[in-house]
Amino acid sequence: MRDPLADLRRIAFLLERAGEKTYRVRAFRGAAATLAKLPEGELAARASAGTLKDLQGVGEVTARCVVESLAGEEPVYLRRLESTAGQDLDEATAAMLAALRGDCHAHSDWSDGGSPIDEMALAAAAIGHEYLVLTDHSPRLTVARGLSAERLTEQLDVVADLNAGFAGLGMSFRILTGIEVDILADGSLDQTDELLERLDVVVGSVHSNLKDEPDVMTRRMVTALANPHLDILGHCTGRLITGGRGTRAESRFDPERVFAAAVEHDKAIEINSRPERLDPPKRLLRVALEAGCRFSIDTDAHAPGQLDWLSNGCARAVACGVPLDRIVNTLPAADLLAWTKTHK
Ligand SMILES: [Zn+2]
Ligand SMILES: [Zn+2]
């Protein structure tokens, strides 16, 4: 028996991975969500009566996929996607990708992501991750619905419940708690010390005053890296090289001082895998490598399919000669947490 809802979600995943427009992906995720709510037996009844399309959010294409799937066939739409979705990775990139055990930067619909926490988690587990660090935005990033201290506290309970559910199903996968906290103008972090202390992993990123003078930006980043709560410095230049949001120049800072601070405090520099970011540029990645930095190869996923973008970061790390033992997300969860605890 094929599961038509799993097929619809797989289609959405592949479309997201390919960077398709959100509305096309929503058609499939939306239809899956609608159909999941039907009483037992109604899906099959509607499929044979041809009335699936009468349901809100179910269109021609999604209805056809469901009918094919219920008949035990792989939907044609899915088959076409699967056959064109192969990633041509060279051997070294594939080996690095296989060595990664999780992803330390991902968003849910609690901030500006498009999917609920459980869907992000199940997608991460399905691609073989042992853990996913949930890093929704912090309060001052209001455009991205940053989480107040209250909402983040609430999220921690939700994550604990989800993890209990995964354990109950015998899954070894778990969600690690986290945040993508804004590095404020003075280098301080945009969340309470109490909460930052409770989180498993803290990614800190600059999202404001990106055009600070180099001296100011350097001081900001060095201050943030010295903060015991911060574990990973996210997308350090803030550049945008392509995509719907247009392009943005790199923030200017003294990379030698910033990377030396990361080494001094044993923090990691993120290698951000989003196609429009690919941050840091290889030139800076090499400087960080020579400085002796650790790295975290992350997707910064805002939708389940984007969790598969780690290969972008791996390809760049391989090109710059980053060894596996410098990459924190090659560590099992327990060792990753032991590392973040050394900062507290
Ligand atoms: Zn960010
Ligand atoms: Zn992010």
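Numbering of ligands and ligand atoms starts at 1, following listing order. The residues of the chain are indexed from 1 along the displayed sequence.
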Side-chain ion pair, K344 and E197, N-O less than 4.0 Å: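 No, no charged N to carboxylate O under 4.0 Å.
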salt_bridge(E276, R239) N-O dist < 4.0 Å: no
Contact flag H137/the Zn ion (ligand 1), N/O/S atoms, threshold under 2.8 Å: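 H137 does not place any N, O or S atom closer than 2.8 Å to the Zn ion (ligand 1).
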Metal site the Zn ion (ligand 1): N/O/S of H105 inside 2.8 Å: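 H105 does not place any N, O or S atom closer than 2.8 Å to the Zn ion (ligand 1).
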Name, closest N/O/S atom of D300 to the Zn ion (ligand 2):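 Within D300, restricted to N, O or S, the Zn ion (ligand 2) is closest to atom OD1.
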Side chain to side chain donor-acceptor pair (under 3.5 Å) partner of E270, the single match among H105, H235, R277: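 When H105, H235, R277 are each tested with E270, the side chain to side chain donor-acceptor pair (under 3.5 Å) holds only for H105.
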N, O or S atom of H302 closer to the Zn ion (ligand 2) than 2.8 Å: no
Atom of E180 nearest the Zn ion (ligand 1) (restricted to N/O/S, atom name only):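 Among the N, O or S atoms of E180, the one closest to the Zn ion (ligand 1) is OE2.
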Atom of M96, atom of A317 and distance for their closest heavy-atom approach: SD-CB, 3.6 Å
Shared hydrophobic cluster, V133 / L100 (ILVMFWY, side-chain heavy atoms < 4.5 Å):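 They do not share one cluster, since no chain of ILVMFWY contacts under 4.5 Å joins V133 to L100.
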